[in-house]
Visitor: 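Have a look at the structure that comes next, please.
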Amino acid sequence: MTNFEKTGSRSIPSLQATVEDYIEPRSGARHIHLASDQQELVFLVAFPTVPDVSDGRAHILEHLSLCGSERYPVRDPFFSMLRRSTATFMNAFTYADRTVYPFASTDRKDFFNLLDVYLDATFFPNLDYLNFLQEGWRHVLKDGKLAYQGVVFNEMKGAFNDPMRALYSGIEGTLLEGTTYEVESGGDPLVIPELTHEMLKEFHASHYHPSQAVFMTAGDISAEEIQEQIKLRVLSKLPAAAQERMLPQLAQSWTAPRVNEVRIPSQQAKADEYGLQFSWLLGESTDPMAYYNAYLLDAGLLGDASSPLMKAMESAGYGRPSRLNGHDDGPRQLIFHVGMEGLTEPQIEKARARIWSALERAAKQGVPTDSLQAALRDIRYSQRDTANSHMPNALSRLLHALPVAMRGGDVFDALDGEVHLAKLEEAIQDPNYFKSLVRSLLDSPTRLTTSVIPDASYFSERDALEAAQLAAREAALSDAERARIEAETAALDKHQQLPSNSEVLPRIRPSDVSAHPAPALPLPAPLAAQGARVLPFVIASNGLSYVRANYDVSHFDAADWPWLRLYADVVTELGVGDMDYEDADAWRQLMAPSFDVGLDANQQPGGALNLELWFGASGLREDHEGIAELISRTLSETRFDEHERLAFLIDSEAQDRLTGLAQAGNRYAMLAATAPLSPVRRFDDVVGGAASLPFYGKLLEQSKTPEGIAAIAERLGALHRRVTGVTPIVLSAGAGDDSVDLAHMVKLPASQAEAPGSSPAPESLPLADAALHAVSQINHCVVAWRAPMVHEAGAAALAVAAELMTNQLLHAALREKGGAYGGSAGYGGGSGTFVMASYRDPRLAETYADFDVAVDQLLGNDFSQEELEEAIICVIKGLDKPNSPHEQVTHAWSLHRRGVSEELRQRFRSGVLNCTLDDIRAAVRTWIKDGQASRAAFVGDLSQDLAGLKTVDLVALANAA
């Protein structure tokens with residue numbers, strides 16, 4: 001019997017779950033449980049973390065808590081459990097005002113194993129000093145000179161690459177001045193060295209207590225079972241006296257609007273990289289009506305091209321809408337952002353007047369009621385959506401409700417807003433309701449107007465400040481302090497050499513998992529339909545229906561690839577039939593809550609490419625007619641004659657790539673290294689990697705003349721006709737007869753010819769050996785080899801080898817010793833590649849040396865049976881990650897397109913489960929040691945040793961035109 005008392009319960013039909021709320025009165029610990037029949041079991045524990053300095057204490061504590069605890073005195077239990085568990089999700093997050101430790105598993109034994117580890121890690125961490133030096137920051141002496149090192153220190157240098165992060169921080173720091181949101185919760189690398197080990201321990205003692213904890217769980221498990229573990233492992237060991245729950249502060253009230261300037265990192269600080277941002281403080285995020293009103297403002301003012309603010313910004317003839325625009329429910333107080341980017345400095349005032357004028361018109365004229373009704377429909381759709389995306393669906397819902405629970409709000413309302421949606425549905429029938437929301441923005445004194453200034457010296461100035469800090473510190477170093485730094489470096493090195501002692505941790509063994517893969521969803525018998533073949537899937541869709549028209553474009557030439565990507569990106573933003581782009585965008589919003597166009601590529605045995613362009617929409621059953629009309633008219637009536645609109649879209653696409661060079665550095669390096677080895681990775685590089693930059697640079701120049709944009713429009717129109725001339729395969733999915741009914745509603749253009757089979761593999765490229773450069777404070781290093789595809793001999797052994805190399809070699813060399821945020825190896829069975837990579841890495845030449853050493857160590861070192869089995873489990877859990885019902889449909893189709901049969905899936909799984917060290921060594925020797933390596937790195941600083949890589953200037957590449 002636990003001490004938890006149930007304080008409330010609510011059944012939520014849209015989630016097919018019941019929410020239960022519990023409190024443990026002696027400690028104040030809270031437990032919220034989402035009871036359902038879902039196989040995936042979810043857990044999180046969260047603590048309010050409200051720092052008042054930017055030294056990263058909350059973030060570093062998150063790392064350090066997972067570095068060994070009372071019951072599990074292992075050097076890195078978190079990373080050890082990653083390879084000893086079949087968890088479908090494991091991570092930890094530091095937000096501005098809270099730290100969260102979540103995991104999910106489909107296996108009950110594994111769930112309780114992880115529960116024990118997570119509870120001990122968070123409430124009873126060792127917080128070892130040497131781990132603080134490794135994960136947080138430390139001084140090191142490099143060739144006698146003082147320098148900084150540390151995982152979080154280098155992670156945050158990479159995080160600072162993002163201009164939007166700098167803009168958001170600059171706005172939040174002024175708008176929420178005097179609160180925890182004013183500081184950098186992740187840590188500013190210039191301030192992180194002010195944090196001491198003692199400060200960190202004090203922060204844990206004051207914040208990580210049951211009185212502050214919120215536990216959240218979900219799945220087919222009773223709340224009582226979990227509470228028994230919490231009581232046994234935590235509550236029975238800690239003082240029971242409840243402390244007042246911490247809350248982030250509220251900003252002081254404003255009596256008048258304010259202005260500020262924010263400088264953001266820029267590669268060139270061109271004349272048209274300025275921006276303007278309005279930001280308002282709204283109500284508290286725990287107030288459901290305040291939340292939904294902010295959502296309505298977002299939908300009504302910015303929801304589509306016909307919305308008042310979006311129309312004003314997109315039709316200005318200069319600049320473009322800011323990527324920051326919309327409502328923000330991250331802080332305790334809601335924020336609403338509206339602004340423009342891509343301005344010249346003189347245009348800032350014009351943009352300010354234009355945005356303000358559009359707001360005034362919206363306050364007087366309002367917006368169509370049906371657009372607001374569509375916004376409420378979209379909320380209901382999201383309530384029913386079961387997609388897992390990047391994390392388990394139940395976990396994403398709990399994370400959404402968590403801040404409301406932590407801030408004293410109604411968690412039932414956070415998970416089920418139907419009562420408030422019904423109120424809003426009635427309220428918006430009065431046109432004055434929305435007008436009053438806009439008027440409240442115009443009249444609010446809590447408005448901040450920010451001028452955004454591009455700064456090409458952003459990183460060099462930070463480098464100079466860091467160098468000055470180090471120089472001053474070094475000048476003051478005594479001989480004793482130098483000796484201490486060297487002694488700590490040696491002690492940490494010795495600590496990192498220790499075996500992980502992971503035998504004290506629980507684990508799942510290969511014998512504990514199924515010898516057989518979960519059967520893929522079988523393809524249904526096709527139906528004959530007008531202009532297409534239809535595959536109707538019956539799924540447990542939770543009331544949603546899906547349709548996707550797939551066009552095989554494998555026969556298109558390689559010269560068409562970037563055009564296909566551009567087409568997929570812009571076709572949902574253009575006019576349709578007698579509707580111009582504004583009317584069409586409003587129409588799209590009304591027709592269905594979800595509509596997208598995608599371009600997928602896969603590689604066939606032998607290297608041939610299989611390309612597919614698809615048009616997909618989904619919605620509630622009552623949206624069937626709208627879904628069908630949306631797909632049908634887009635395919636039959638899309639217009640390419642609005643040249644000004646097309647030029648705007650091209651400008652936005654090209655500028656986003658140019659301003660995002662540093663953030664995309666990891667992807668650019670990965671694709672550049674693998675493109676010479678794999679046809680599908682070459683395709684990816686051409687459409688979205690560094691190889692795509694010249695295309696967009698030339699496209700941008702061409703779009704600036706009437707003749708040029710006319711030629712682009714003609715090319716896209718011809719491409720559209722070629723695509724829709726192919727006979728499509730339509731995937732339709734829903735409950736009962738919904739899939740068949742919806743499929744028959746879709747009217748497709750008459751096909752002109754059957755598409756031929758897969759295109760031949762493109763000609764091979766020379767090995768990369770490229771240092772892709774944009775200004776930054778970190779690197780991303782990649783080395784790649786050609787490897788067998790999943791159907792070839794050696795595939796299973798290389799998949800296990802990648803996990804063994806990551807777990808036993810690269811993690812220690814690149815992260816623990818080298819200070820990179822991540823270091824790993826990966827096998828790509830669909831691309832026929834094997835890679836080693838580092839992420840947010842302070843080193844380059846040393847990392848490539850570590851890559852070489854890792855290959856030799858894998859061939860020469862002895863590994864235990866347990867280490868081998870851990871690597872096997874890592875591969876298996878990747879294969880067994882559960883999909884939502886609709887994701888099972890797209891997965892089944894993908895397997896079919898790739899020619900992956902059930903027999904092949906079984907053969908690969910058996911190869912993994914029965915893999916030996918001899919199998920691994922044979923495959924690594926053949927494909928890696930004796931293979932040809934292709935290297936590419938994103939390089940932030942060209943003055944470092946580039947390990948023989950040849951410099952490629954990404955800015956020059958993008959500006960090639």
Side-chain angles (χ1 to χ4, degrees), residues 292-315 320-321 323 325-327 336 338 358 361-362 365-385 387 417 421 424-425 427-429 431 433-435 437-438 544-549 568-598 615-639 642 645 648-649 652 742 745-746:
Y292 287 124
N293 282 336
Y295 185 92
L296 280 181
L297 277 171
D298 200 335
L301 294 174
L302 299 162
D304 60 69
S306 71
S307 302
L309 277 178
M310 190 63 76
K311 179 177 180 177
M313 292 185 288
E314 290 189 341
S315 64
R320 58 191 178 275
R323 285 164 288 171
N325 285 350
H327 73 288
F336 191 72
V338 176
R361 284 195 303 273
Q365 301 172 8
V367 297
T369 301
D370 55 6
S371 69
L372 302 178
Q373 289 173 326
L376 299 183
R377 173 212 60 197
D378 291 353
I379 296 174
R380 290 189 169 99
Y381 169 86
S382 66
Q383 277 279 109
R384 292 186 174 275
D385 187 14
L421 293 177
L424 278 178
E425 209 151 35
I428 62 175
Q429 300 307 313
Y433 185 81
F434 184 81
K435 294 176 187 178
L437 295 180
V438 182
L544 301 184
S545 298
Y546 307 81
V547 68
R548 201 169 96 169
D569 288 338
V570 304
V571 71
T572 60
E573 305 283 343
L574 301 175
V576 175
D578 58 356
M579 296 179 285
D580 64 16
Y581 75 88
E582 291 178 7
D583 291 339
D585 213 14
W587 165 76
R588 280 186 282 263
Q589 297 296 324
L590 296 179
M591 290 298 99
S594 177
F595 175 52
D596 200 8
V597 177
F615 299 75
S618 62
L620 306 168
R621 182 178 289 120
E622 51 266 36
D623 297 322
H624 277 196
E625 288 186 8
I627 293 170
E629 182 181 341
L630 179 56
I631 294 286
S632 303
R633 294 194 66 184
T634 298
L635 291 169
S636 301
E637 303 177 43
T638 294
R639 296 170 50 175
E642 295 174 282
R645 173 63 170 175
F648 169 79
L649 295 173
S652 297
L742 177 56
M745 291 182 181
V746 178

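Excluded from the calculations below are hydrogen atoms, water molecules and symmetry mates; all remaining heavy atoms, backbone and side chain alike, are included.
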Visitor: Under 3.5 Å, side-chain donor or acceptor atoms of residues 571-579 against the rest of the protein: list the pairs with distances, not counting sequence neighbours.
Guide:
from: E573; atom 1: OE1; to: R645; atom 2: NH2; distance (Å): 3.2

Visitor: If you look only at pairs with a residue in residues 617-628, which of them pass as a salt bridge (Lys or Arg N to Asp or Glu O under 4.0 Å), with sequence neighbours excluded?
Guide: R621-D738
Visitor: Taking the side chain as C-beta and beyond, is there a heavy-atom pair between L630 and F615 under 4.5 Å?
Guide: no
Visitor: Answer whether the closest heavy-atom distance between the side chains of Y581 and E314 falls below 4.5 Å.
Guide: yes
Visitor: Considering residues at least two apart in sequence or located in another chain, which fulfil the ring-ring contact (aromatic ring centres under 6.0 Å, His included) criterion with F336?
Guide: none
Visitor: Enumerate the side-chain hydrogen bond (donor to acceptor under 3.5 Å, both in side chains) contacts for residues 629-639, please, sequence neighbours excluded, ordered by first and then second residue.
Guide: W587-E629, R633-E637, R639-D641
Visitor: Holding to salt bridge (Lys or Arg N to Asp or Glu O under 4.0 Å), I want the full list of residues that pass it with R588, two or more places apart in sequence or in another chain.
Guide: D585
Visitor: According to side chain to side chain contact (heavy atoms under 4.5 Å, CB included), who are the partners of L376, at least two apart in sequence or on a separate chain?
Guide: L296, I379, R380, L421, L424, E425, I428
Visitor: For Y381, what residues pass the side chain to side chain donor-acceptor pair (under 3.5 Å) criterion, not counting sequence neighbours?
Guide: S618
Visitor: Going by the rule side chain to side chain donor-acceptor pair (under 3.5 Å), which residues pair with E582 if we only count those two or more places apart in sequence or in a different chain?
Guide: K311
Visitor: N325: which residues meet the side chain to side chain donor-acceptor pair (under 3.5 Å) condition with it, sequence neighbours left out?
Guide: Q277
Visitor: Run the side chain to side chain contact (heavy atoms under 4.5 Å, CB included) check on H624 and S545 step by step: do they pass?
Guide: CA-CA 8 Å; H624 277 196; S545 298; 2.7 Å; yes
Visitor: Show me, pair by pair, the donor-acceptor contacts under 3.5 angstrom made by side chains of residues 297-309, not counting sequence neighbours?
Guide:
from: D298; atom 1: OD2; to: H327; atom 2: N; distance (Å): 3.1
from: D298; atom 1: OD2; to: H327; atom 2: ND1; distance (Å): 2.8
from: D304; atom 1: OD1; to: S306; atom 2: N; distance (Å): 2.7
from: D304; atom 1: OD1; to: S306; atom 2: OG; distance (Å): 2.4
from: D304; atom 1: OD1; to: S307; atom 2: N; distance (Å): 3.3
from: S307; atom 1: OG; to: G303; atom 2: N; distance (Å): 3.3
from: S307; atom 1: OG; to: D304; atom 2: N; distance (Å): 3.0
from: S307; atom 1: OG; to: D304; atom 2: O; distance (Å): 3.2

Visitor: Are any non-hydrogen side-chain atoms of Y295 and D378 less than 4.5 angstrom apart?
Guide: yes
Visitor: How would you list, by chain and number, every residue that makes a side chain to side chain contact (heavy atoms under 4.5 Å, CB included) with D569, sequence neighbours excluded?
Guide: R565, E653, R657, Y696
Visitor: Who pairs with K435 by salt bridge (Lys or Arg N to Asp or Glu O under 4.0 Å), at least two apart in sequence or on another chain?
Guide: none
